[in-house]
Amino acid sequence: MKHLEENIERVLLTKEEIAAKVCEVAEEMGDFYKGQEVVMVCILKGSVTFFADLAREIPFPAVFDFMCVSSYGSGSVSGGSVRILKDLTVDITDKHVVIVEDILDTGNTLSALFEQLKARKPASLKLCCLLDKPDRRTKPISADFLGFTIPDEFVVGYGLDYNEAYRQLPYVGILKRSVYEK
Ligand code: PRP
């Protein structure tokens, strides 16, 4: 992974810090759901790593499902609504549902997705995010369960990408500006 690591300015969150936080978030969710069954929705692709780690720590019965969405707009600023590229396979009506995301940025993707899923009448709908970048928020949305609040830096690793690369890094790192300002 040397070729990837050369492009990392610095490590923002280590593998160990993330692992400890995942356990804390799982415990908090456990206190909230109190043994009820929950549909955990992994939003592809960035959440895969967080989802897989979190899912192995949660103390309540869970059903896993996956969605792939694409926000309209281009570049690093997402648009105002989402297109569903892959939908859930389970019916979430009357179920407790938690969306698991890697990052809450402008909030455009998640606020639109939230509305779409709420229309399916789940018993409850919550949002769990590993990272929150509040400086970039344009929509009034916040995570119900949160890992870390981070500064407005271009972060990659632990599922997060730049042009589909860097997802495999085991930590969250800040990408060198020279990589994306070429
Ligand atoms: C990321 C992330 C959220 C969204 C957050 O996904 O997983 O879905 O962007 O941005 P927003 O708050 O500004 O809407 P991305 O579109 O990069 O896709 P990926 O998960 O496949 O990498």
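When a residue number appears, it is its place in the shown sequence, counting from 1. Order of listing sets the numbers, starting from 1, for every ligand and every atom in it. What you are looking at is a predicted structure, and each value in this text was computed from that prediction instead of being measured.
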Exercise for the section: Find all atoms of ligand 1 within a distance of less than 4.0 Å from any non-hydrogen atom belonging to I103, and give their numbers and elements. Expected result: 2 (C), 3 (C), 5 (C)
Practice task
For side-chain contact (heavy atoms from CB on, under 4.5 Å), just list the numbers for M29 and C128, CA-CA rounded to whole Å, side-chain angles, deciding distance to a tenth of an Å, and then say yes or no.
Solution key: CA-CA 9 Å; M29 290 172 81; C128 174; 4.1 Å; yes
Exercise for the section: Could you tell me whether the side chains of N108 and K139 share a donor-acceptor contact shorter than 3.5 Å? Expected result: yes
Practice task
For E28 and Y33, run side chain to side chain donor-acceptor pair (under 3.5 Å): C-alpha distance rounded to whole Å, both residues' side-chain angles, the deciding distance at 0.1 Å, then the answer.
Solution key: CA-CA 9 Å; E28 197 188 327; Y33 288 112; over 6 Å; no
Fill in the blank from the handout: Note: ligand 1 atoms sitting under 4.0 Å from heavy atoms of T109 are 4 (C), 8 (O), 10 (O), 11 (P), 14 (O)
Problem - Region of E101 engaging ligand 1 - heavy atom pairs below 4.0 Å - result: side chain
Problem - Within-cut-off N or O pair, S47 and ligand 1, under 3.5 Å - result: no
Handout entry: Under 3.5 Å side-chain donor-acceptor pair for Y158 and Q168
Key = no
Problem - D102 side chain vs L160 backbone, donor-acceptor pair below 3.5 Å - result: no
Problem - Close N or O approach (L104, ligand 1; < 3.5 Å) - result: no
Problem - Step-by-step side-chain contact (heavy atoms from CB on, under 4.5 Å) determination, H96 to E37 - result: CA-CA 7 Å; H96 293 291; E37 186 183 90; over 6 Å; no
Exercise for the section: Could you tell me whether ligand 1 has any atom less than 4.0 Å away from a heavy atom of I43? Expected result: no
Handout entry: Atoms of ligand 1, numbered as shown, that sit under 4.0 Å from any heavy atom of D102
Key = 2 (C), 7 (O)
Problem - Ionic contact status for R137 with D132, cut-off 4.0 Å - result: yes
Practice task
Compute whether any side-chain donor of one residue and acceptor of the other, for N7 and Y166, lie under 3.5 angstrom apart.
Solution key: yes
Problem - D105 contact mode with ligand 1 (heavy-atom cut-off under 4.0 Å) - result: both
Problem - Residue-ligand contact R167/ligand 1, heavy atom below 4.0 Å - result: yes
Completion exercise
Within the 4.0 Å heavy-atom cut-off, what T106 brings close to ligand 1 is both
Exercise for the section: State the atoms of ligand 1, each with its element, that fall below the 4.0 Å cut-off from a heavy-atom position in K45. Expected result: 19 (P), 20 (O), 21 (O)
